[in-house]
Amino acid sequence: MRLTILGGGGFRVPLVYGALLGDHAEGRVSHVTLYDEDPARLAAMARVLADLAAAAKVPDAPAVTATRDLDEALRGADFVFSAIRVGGLDGRAADERVALAEGVLGQETVGAGGVAYGLRTVPVARGIARRIARVAPGAWVINFTNPAGLVTEAMAEELGDRVIGICDSPVGLGRRIARLLGARPQDAWIDYVGLNHLGWVRGLRIGGRDELPRLLADTEALESFEEGRLFGAEWLRSLGAIPNEYLHYYYFNRDTVRAYQEAAQTRGAFLRDQQRGFYAEAGRAGLPAGASLAAWDRTRAEREATYMAENREAAGAGGRDASDLESGGYEKVALALMRAIARDERATLILNVRNGSTLSVLDAAAVIEVPCLVDANGAHPMGVEQLPLHAVGLVTAVKAVEREILAAAASGARADAVKAFALHPLVDSVAVARRLVDGYAAAHPGLAHLR
């Protein structure tokens, strides 16, 4: 099989390639094409992947080619991973600054920053989807690009159910809960439902029995893992569920915004500076074998250790434990998804797919994040219990914002953009929404038409 990675110079590409190196089954990926607009990032990433293949000592490692021609990258692809970042990390840092200046959250996918990122990304994602439909109509598209649910919904306008979104947050959360309850993650059924970065684990069944109440009753166990420390045992018991970590931005918004404002550097600015150093080092001429991979490993370790540091500070949760540092494994989810489709190996995975009739509070085209049964015909959302009222309010409000972003990206109208910002639960004034639009229009050339 042939795999194309859009955003092939991106920092997390080695995770995907490393997972492919461990796949020796018949029908595995034999060729990977990296597509990126930045030749320096492409060259650096090609070096890291070569180091990975050499270290793995795999004689039939997938061949890797790199290109800046999108049609060339797509032609003949069986699967396309979309992992682009419109505006780069400079854009993310600007998103954070503009929002924090107005006293609201500027996180990459949540709040004003997520709206701004969506407005920049949706037009590009739609264009890519049209190119895929024309050049590689038989390809399956796996979307990593954030905001993942919104972007998947935008691409589905062109590609229908052949685009599936993935995220590692639910996977990591389910794994941590299962292990706390003494079960292997693969033996547990995780009752998870919501939108991307806005979901809840409402049950975890082992041998047909829901063991989540046992965990919720145990304060010491609850506060032994990251989400438990972030939210606190009392609040989790009040909810009767374990929220995705991103719900900390909603439930503890004022505390988090203050921590972000007081931080020496925003997350986007930190990653921008960190990755500039990595790409400069990994792309340097004359490096010995293995040096680029070693630089990537060091950078990744620092990146994981500092993840959501401001939220942990606001919650008094301390540093991350070794178990928290373990990746949610989005690359493993992607590989399992490809296997299930390509080989008709049935799998149950938490994915971002169109709703159909799964959640009655949303229409059929709305992309949601739920357990899905995956086979050769794609991903099929499984039946779930309906959301409690407090969750309905958040899910429907945020989905309304996503729809306004889609409308604004299509119309280019300032009024539509203002509406998208103003309707977000974490933006507290229409006047603030108008100033946010002005700030983002000034910060991003691609949004200058919104002035």
Side-chain angles (χ1 to χ4, degrees), residues 95 99 102-119 121-122 146-154 156 165 167 169-170 192-202 231 235 238-257 311 352-355 358-370 381 384-411 415-437 440:
D95 290 343
E102 291 294 338
V104 297
L105 185 70
Q107 203 274 338
E108 176 186 22
T109 62
V110 177
V115 176
Y117 190 28
L119 287 171
T121 305
V122 163
N146 278 325
L150 169 66
V151 172
T152 301
E153 190 163 327
C167 179
S169 290
Y192 182 95
V193 65
L195 306 179
N196 180 238
H197 290 179
L198 191 77
W200 297 261
V201 172
R202 304 178 301 175
F231 295 103
W235 181 237
S238 295
L239 290 173
I242 312 291
N244 184 294
E245 60 200 347
Y246 283 82
L247 274 150
H248 192 265
Y249 295 114
Y250 292 89
Y251 294 144
F252 296 90
N253 179 252
R254 184 177 298 188
D255 317 80
T256 306
V257 170
N311 300 71
N352 287 269
V353 296
R354 293 199 289 190
N355 176 47
T358 308
L359 291 181
S360 61
V361 296
L362 297 175
D363 60 61
V367 166
I368 59 174
E369 192 167 76
V370 290
V384 296
E385 293 183 15
Q386 296 306 299
L387 292 163
L389 198 57
H390 69 86
V392 168
L394 275 177
V395 165
T396 54
V398 172
K399 181 54 70 175
V401 171
E402 291 184 351
R403 289 292 169 77
E404 296 301 332
I405 294 171
L406 293 172
S411 70
D416 289 339
V418 169
K419 188 177 179 183
F421 282 103
L423 290 180
H424 199 286
L426 301 184
V427 176
D428 57 359
S429 165
V430 176
V432 170
R434 289 172 178 147
R435 292 197 297 272
L436 286 167
V437 172
Y440 287 122

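Here, residue 1 is the first one in the sequence, and each next residue gets the next number.
- Considering all non-hydrogen atoms of both residues, W200 and H390 come closest at NE1-CE1, 4.2 Å.
- Here the side chains of S360 and Q386 are in contact, with some heavy-atom distance below 4.5 Å.
- Note: S238 OG to Y251 OH = 10.5 Å, rounded to the nearest 0.5 Å.
- For A417, the side-chain contact (heavy atoms from CB on, under 4.5 Å) test picks out L119, A408, V437, L450, with sequence neighbours left out.
- Taking the side chain as every heavy atom from C-beta outward, L426 and V257 never approach each other to under 4.5 Å.
- Scanning both residues, P147 and T109, for their nearest heavy atoms gives CA-CG2, 4.1 Å.
- Between L195 and the options V395, T396, N244, a side chain to side chain contact (heavy atoms under 4.5 Å, CB included) holds for only V395.
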Let me check something: any side-chain donor-acceptor pairs from residues 362-369 under 3.5 Å, sequence neighbours excluded? List them with distances.
unit_1	atom_1	unit_2	atom_2	d
D363	OD1	A365	N	3.0
D363	OD1	A366	N	3.1
D363	OD1	R403	NH2	3.0
D363	OD2	R403	NH1	2.7
D363	OD2	R403	NH2	3.3
E369	OE1	Y192	OH	3.3
E369	OE2	N196	ND2	3.0
E369	OE2	N352	ND2	2.8

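- Put simply, the residue from L198, I242, L239, V110 that forms a side chain to side chain contact (heavy atoms under 4.5 Å, CB included) with L247 is L198.
- Judged as a ring-ring contact (aromatic ring centres under 6.0 Å, His included), and not counting sequence neighbours, H424 has no contacts.
- Taking 4.5 Å as the limit, every side-chain heavy atom of E102 sits out of range of all side-chain heavy atoms of F421.
- Proximity of N146 to H197: side-chain heavy atoms (C-beta onward) are separated by under 4.5 Å at one or more points.
- In this structure, the side chains of V430 and R434 come closer than 4.5 Å at one or more pairs of heavy atoms.
- In terms of heavy-atom proximity, D416 sits nearest to A407 at OD2-O, 4.0 Å.
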Open item on the list: Run the side chain to side chain contact (heavy atoms under 4.5 Å, CB included) test on V115 and E404 for me, step by step, so that the C-alpha distance in whole Å, both residues' side-chain angles and the decisive distance to 0.1 Å come before the verdict.
Closed with: CA-CA 9 Å; V115 176; E404 296 301 332; over 6 Å; no

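- Under the 30°/60° scheme for interplanar angles, the aromatic rings of F252 and H248 are found to lie parallel.
- Taking CG from D95 and CD from Q107, the interatomic distance works out to 10.0 Å, rounded to the nearest 0.5 Å.
- If you run side chain to side chain contact (heavy atoms under 4.5 Å, CB included) between P381 and each of N355, T358, V193, only T358 comes through.
- What you find for G194 and V370 is that their closest heavy atoms are N-CG1, 4.5 Å.
- Between the side chain of R202 and the main chain of E385, a donor-acceptor pair closer than 3.5 Å is present.
- When all heavy atoms are compared, the tightest approach of W235 to F231 is CB-O, 3.4 Å.
- The heavy-atom pair separating A112 from A99 by the smallest distance is CB-CB, 4.0 Å.
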